[in-house]
Amino acid sequence: MHTEEYVASVTASIQQSRKNLGKDTYLCEGSFDVLLQSIGAVLRAGEVVANGSCDHSFALVRPPGHHSGKCTSGGFCIFNNSAILVHFLRHAFGIKKVAILNIDAHASDGTYGIFSADPEVLCISVHQDPLKVYPYTGFIKDIGVRPALGLSINMEMPPRSGNREYGILFEDIIEKVMRKFDPEIIIVECGFDAYHKESLSELDLTVDGYYDMINLLASQWKVVCLLEGGYHEDIGLLSAVVLEGLMGRRTIKDGIDQVDLLASRHINTRKEFQEKLSKLKLILNPYWDLNKPALCHTK
Ligand SMILES: [Zn+2]
C-alpha cells in the first residue's frame, strides 16, 4: 500500500497541473478521476470473486500499476493496483493468502518492493531479462527478504522466449509453487507487452500462449486479472483471449505461423532459457522442494 504522503503528493501534482511524475509517468487534468475509477474497477473485480458471485474476473484498467512502489511512481504506473487489491481482500473479506503473478514483459518491481517481506503474499514475476530492459531489476537471485524468503520469485526470460518457454516454466515451477502455497486468490498482473508483435519488448508470446497460461490457472484457482502494459493494437484481441482462458471456452484461434515465428528466433534462446531455469530451480529448491510433487489442487 501507499503512504499518505505519497497519495497527497500525487494529488497535489495533479492539482498543480504538473504534466508528469518523474520522467516516464504522465499526468493530465483528469488523472485523479481516472485513477479513482480504475481502482474502483480493480476492487470490484476482487469483490465479485471474493464474495463468490464470480469464479474469475478481469479489470480492464489504465493506468497500469505494477511499477508503482509504496511511495514511488514509475513506468506509467501511479498507484499499485495489485497491492491495493490485496489490502482490500484482507480487510474486507479476511482473505489471507494471495498470490500475485506478473506476466507483463517488464519486472513487477513495485509489487516486489511492497511484498518482499510479507509472508502471506507469494509474488512471482516472469519478465524479459532485466539486464538491459526497464526496470533493470527483478533478477533470479531476488527471492524476497526475511520473514518471506523464497516467497518472491523472479524469472529472467531471454529475448525471443515464447509459448514453449513459458509453458515449461509454468509446468516445472509456477504450477508446483502455486499448489504448495495454496492461495485463496491469484491476482494476475496481465501485461500484453510480452506479445510477439509488441515493439516494447523482445518476447514472443502468441494468442495460444496467453490462453494456455490463463486457462491453466483458472482451471485450478480463483483468478483476478488486472491489465498492466501492452501497447500493440491487438490488446483488444488479447483481452478477449484472456476472458476465454478464464471461462475455459476457446473460440479465438492463433492466425500466425508458428514455424515462421520459431525460425525468426535467436538460436540461443532455448539454451539460455534452460540455463536460467536450472539456476532458478537451484535457488528455489530449499524453499519449495520442487522435486517432491504437490497434491493436485481443485477449486
Ligand atoms: Zn510492461
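Note that ligands are numbered from 1 as they come in the structure, with each ligand's atoms numbered from 1 the same way. Residue numbers start at 1 and run along the sequence shown.
Note on Asp193: its N/O/S atom closest to the Zn ion (ligand 1) is OD2. When you scan the N, O or S atoms of His106 for the one nearest the Zn ion (ligand 1), you land on ND1.
Note on Asp104: counted as a metal contact of the Zn ion (ligand 1), an N/O/S atom lying under 2.8 Å.
At a cut-off of 3.5 Å, with distance as the only test, no side-chain donor of Asp193 or Tyr231 sits close to an acceptor on the other residue. Between the side chains of Asn102 and Ser125, at least one donor N or O lies within less than 3.5 Å of an accepting N or O.
For the pair Lys97 and Phe181, the cation sits on the ring face: its NZ or CZ lies under 6.0 Å from the ring centre, inside 45° of the axis.
Distance alone, capped at 3.5 Å, is enough to place a donor-acceptor pair between the Glu165 side chain and the Gly162 backbone.
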